[in-house]
Amino acid sequence: MTATKQFEAESKRLLDIMINSIYSQKEIFLRELISNASDAIDKMYYKALTDDSITFNPDDFYIKVSTDQENRILKIEDTGVGMTREELEENLGTIAKSGSLAFKNENEIEDGHDIIGQFGVGFYSAFMVADTVTVYTKSADSGEAFKWESNGAEGYTIDPADKGTHGTEIYIKVKENSEEESYDEFLDDNRLQSIIKKYSDYIRYPIKMEVTEQQPQEDTEEETVEVTEEKTINNMIPLWKKNKDELTEEDYEAFYSEKHYGFDKPLKHIHLNIDGQVRYQALLFIPEQPPFDYYTHDYEKGLELYSNGVLIMEKCADLLPDYFSFVKGIVDSEDLSLNISREMLQHDRQLRLIAKNIKNKIRKELQGMLKNERENYEKFFQSFGRQLKFGVQMDFGSHKDDLKDLLLFYSSKEKKMVSLAEYVERMPEDQQYIYYATGDSIDRIEKLPQTEMVRDKGYEILYFTEDIDEFAIKTMMSYDDKQFKSVASGDLGIEDEEEEEQEKSEQEENKSLFEEMKNQLDGKVKDIRASKRLKSHPVCLAADGEVSIEMEKILQQMPDNQNIKADKVLEININHDVYSSLKEAYDNDKEKLKLYTNLLYNQALLIEGLPVEDPVAFTNDMCKVMD
Ligand code: ADP
Ligand code: MG
């Protein structure tokens with residue numbers, strides 16, 4: 001017997017959660033083990049189909065479940081590829097996937113439910129019902145067999161073993177019943193059959209069980225005999241090959257969780273059976289929640305790709321555009337060659353056609369949701385709207401037309417999310433632009449002085465609270481021929497000719513005062529103007545040109561920001577009391593004018609959420625005013 005090896009720390013933690021979990025659905029361990037068996041047969045099947053030296057009979061591929069009540073053993077065996085010693089070590093000694101657990105903090109993982117759902121911990125779930133798990137496996141590659149054994153707590157052992165054919169046998173020593181929990185059910189054939197039916201019905205390989213039934217005796221009518229027969233429990237038709245009409249919401253949801261697409265329920269499924277230029281079936285899901293790593297570099301998009309029922313790629317990224325990277329699911333096409341390599345696949349015409357088709361279907365589905373299931377759509381947008389906005393901006397805006405009608409923004413008028421079409425539809429006739437305001441939160445934008453004028457005009461304002469918002473609409477430039485305009489931009493495009501005249505004369509009148517103030521600010525602002533937009537506030541900042549103040553803030557945070565700055569304009573409300581103070585100071589006391597100018601400039605920075613350049617000087621200035 002070899003020495004016992006410890007599980008990796010992460011795996012150990014997960015095991016502890018698993019063993020002690022009060023998870024109500026312990027039965028899912030069977031789904032996990034059958035799903036692994038099916039994956040392993042998929043690999044074997046693919047190998048057999050693509051390697052001429054392997055001869056096989058389709059009957060060779062199956063999964064078998066059996067029990068030994070007396071010894072409390074539940075056995076699951078498959079005729080898949082098996083595992084080499086290294087694979088055993090790697091796959092069952094550590095958590096296979098990217099140590100996902102490291103992402104979660106202690107509090108979050110306390111509830112095993114979340115973990116089981118979110119990471120699909122797979123193999124380890126056996127320890128929810130097992131005292132000991134023993135795995136005999138023979139790799140089809142190496143031809144060597146090994147035995148892996150563990151009681152969960154004290155690590156595991158690996159030893160050479162004997163096994164006839166390639167594949168894996170898993171022996172679960174089922175726990176004794178405790179006061180709170182009964183485990184006998186996992187040794188009960190009828191119960192096991194119903195668990196298999198419930199979760200694994202559409203597994204494509206037969207799941208066989210020895211079933212003992214009472215059958216009537218031929219000759220004497222009353223007597224029955226026990227007959228034991230091997231039966232296939234599952235239906236075997238993959239869900240996506242079934243007729244939509246035969247399927248219920250529950251079927252789709254069960255598939256979604258069996259595949260570990262998410263721990264949530266899907267918001268929507270799209271079931272396609274296309275018989276066009278290229279024939280394919282697809283089963284796609286739009287999740288409700290983003291996966292925990294969705295907005296990180298670790299997230300990998302992709303759909304499972306099958307060639308007429310045989311899995312050829314687990315995550316085919318080429319099937320999904322980045323802006324729909326949240327979609328989960330599978331595509332199966334008989335028009336795809338089994339032997340196609342990854343490199344070839346990228347350029348495959350059929351695959352490109354499928355990808356394009358799928359993209360359009362997803363978009364249509366989302367549009368339909370927006371129209372007919374608003375509440376669901378808003379949930380969706382809450383989770384993935386950000387990704388759509390990135391999509392508008394990426395690739396130099398080449399997808400903007402596909403995405404523009406899927407966007408939602410918060411509206412000053414409706415106090416809820418609205419689409420651009422809805423905004424444009426209720427624009428008053430004299431309104432030329434689509435107005436927006438940027439800020440950290442809805443609350444903050446509500447208080448922005450720059451919004452006063454536009455609001456007073458009765459125009460609706462879209463609130464941009466995410467970094468990406470303004471960049472996205474700058475890429476779009478316009479919607480329905482209406483340009484976007486920031487409430488903080490130099491020219492709001494609101495005033496009529498008369499007002500413009502008046503403004504010119506005001507600017508003229510104050511020319512020397514503003515000139516002086518600008519000099520005092522020493523290049524910090526491009527211009528000083530009498531404000532058209534301010535009603536009750538004394539000052540605000542506006543930006544001329546393409547770069548807004550909000551964009552400056554975001555760009556400044558980027559590593560290679562090239563110090564891009566907005567052209568800032570300080571706007572003064574000439575109907576405010578401070579204006580007369582400014583004028584008076586200009587006439588009588590230049591020092592005072594300097595003091596006031598600095599104060600007003602710094603106030604404007606604060607309102608914008610920009611840092612005051614010299615806080616000490618600023619507070620000293622305030623004290624001077626109090627004197
Ligand atoms: P997942 O199936 O999501 O990868 P699991 O914990 O269920 O995670 O399984 C871990 C790995 O162990 C699998 O990816 C596979 O490589 C290997 N494995 C598990 N069961 C089998 C089996 N019956 N035959 C071959 N390999 C298996
Ligand atoms: Mg698994």
Side-chain angles (χ1 to χ4, degrees), residues 7-8 10-15 17-19 28-48 60-66 74-101 112 115-130 133-150 152 156 158 161 163 165-172 199-200 203-205 207-208 255-263 291 300 302 304 311 313-315 328:
F7 288 104
E8 296 234 320
E10 289 295 316
S11 311
K12 184 76 181 68
R13 258 167 83 203
L14 187 52
L15 271 166
I17 293 168
M18 201 60 77
I19 292 165
I28 60 117
F29 81 92
L30 190 57
R31 169 187 87 185
E32 296 301 320
L33 298 182
I34 288 176
S35 149
N36 285 349
S38 169
D39 291 348
I41 301 175
D42 267 346
K43 288 177 194 155
M44 192 60 222
Y45 192 21
Y46 179 79
K47 207 191 239 320
D60 295 343
F61 302 112
Y62 63 88
I63 298 162
K64 195 167 160 183
V65 177
S66 54
L74 168 62
K75 178 178 167 194
I76 295 122
E77 63 179 293
D78 66 64
T79 56
V81 277
M83 284 175 271
T84 62
R85 184 184 200 120
E86 291 70 36
E87 284 166 344
L88 265 178
E89 188 95 38
E90 181 153 319
N91 297 334
L92 305 188
T94 60
I95 295 179
K97 290 182 236 107
S98 67
S100 353
L101 205 55
I115 287 272
I116 294 167
Q118 194 157 1
F119 303 118
V121 284
F123 176 77
Y124 286 130
S125 59
F127 288 102
M128 290 196 294
V129 302
V133 178
T134 311
V135 179
Y136 290 92
T137 186
K138 180 170 175 179
S139 161
D141 293 320
S142 72
E144 290 179 323
F146 291 94
K147 172 186 170 189
W148 179 100
E149 192 165 64
S150 172
Y156 59 90
I158 299 180
K163 188 177 180 308
T165 55
H166 60 80
T168 303
E169 292 171 0
I170 298 178
Y171 291 80
I172 291 181
Y199 296 105
S200 313
I203 290 286
R204 284 171 306 124
Y205 308 102
I207 303 170
K208 299 180 182 177
F255 185 83
Y256 183 87
S257 55
E258 197 268 342
K259 286 283 186 187
H260 300 309
Y261 289 150
F263 62 97
E300 284 177 61
E304 265 180 272
L311 182 70
M313 200 192 269
E314 267 166 305
K315 261 195 182 159
K328 306 277 185 187

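Counting convention: from 1, in listed order, for ligands and their atoms alike.
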- Task: Decide yes or no on side-chain hydrogen bond (donor to acceptor under 3.5 Å, both in side chains) for Y199 and E32, but give the supporting numbers first.
- Result: CA-CA 9 Å; Y199 296 105; E32 296 301 320; over 6 Å; no
- Query: Side chain or backbone of D78 under 4.0 Å from ligand 1, or both, or neither, by non-hydrogen atoms?
  - Reply: side chain
- Query: Hey, does N36 come in under 3.5 Å of ligand 1, counting only N/O atoms on both sides?
  - Reply: yes
- Query: For Y62, is the NZ or CZ atom of K208 found under 6.0 angstrom from the centre of its six-membered ring and inside 45 degrees of the ring axis?
  - Reply: yes
- Message: S200: which residues meet the side-chain hydrogen bond (donor to acceptor under 3.5 Å, both in side chains) condition with it, sequence neighbours left out?
- Response: none
- Message: Out of T79, N91, T168, who is nearest to atom 16 (O) of ligand 1 when you count heavy atoms only?
- Response: N91
- Residues forming a salt bridge (charged side-chain N to carboxylate O under 4.0 Å, His left out) with E304, sequence neighbours excluded: K259
- Query: With respect to Y171, which candidate in I76, V135, L74, T134 satisfies the side-chain contact (heavy atoms from CB on, under 4.5 Å) definition?
  - Reply: T134
- Message: Let me check your reading of the structure: within less than 2.8 Å of the Mg ion (ligand 2), is there an N/O/S atom from S35?
- Response: no
- Message: Quick check on contacts: which atoms of ligand 1 are under 4.0 angstrom from a heavy atom of F123?
- Response: 5 (P), 6 (O), 7 (O)
- Message: Quick check on M83 - does any of its heavy atoms sit under 4.0 Å from an atom of ligand 1?
- Response: yes
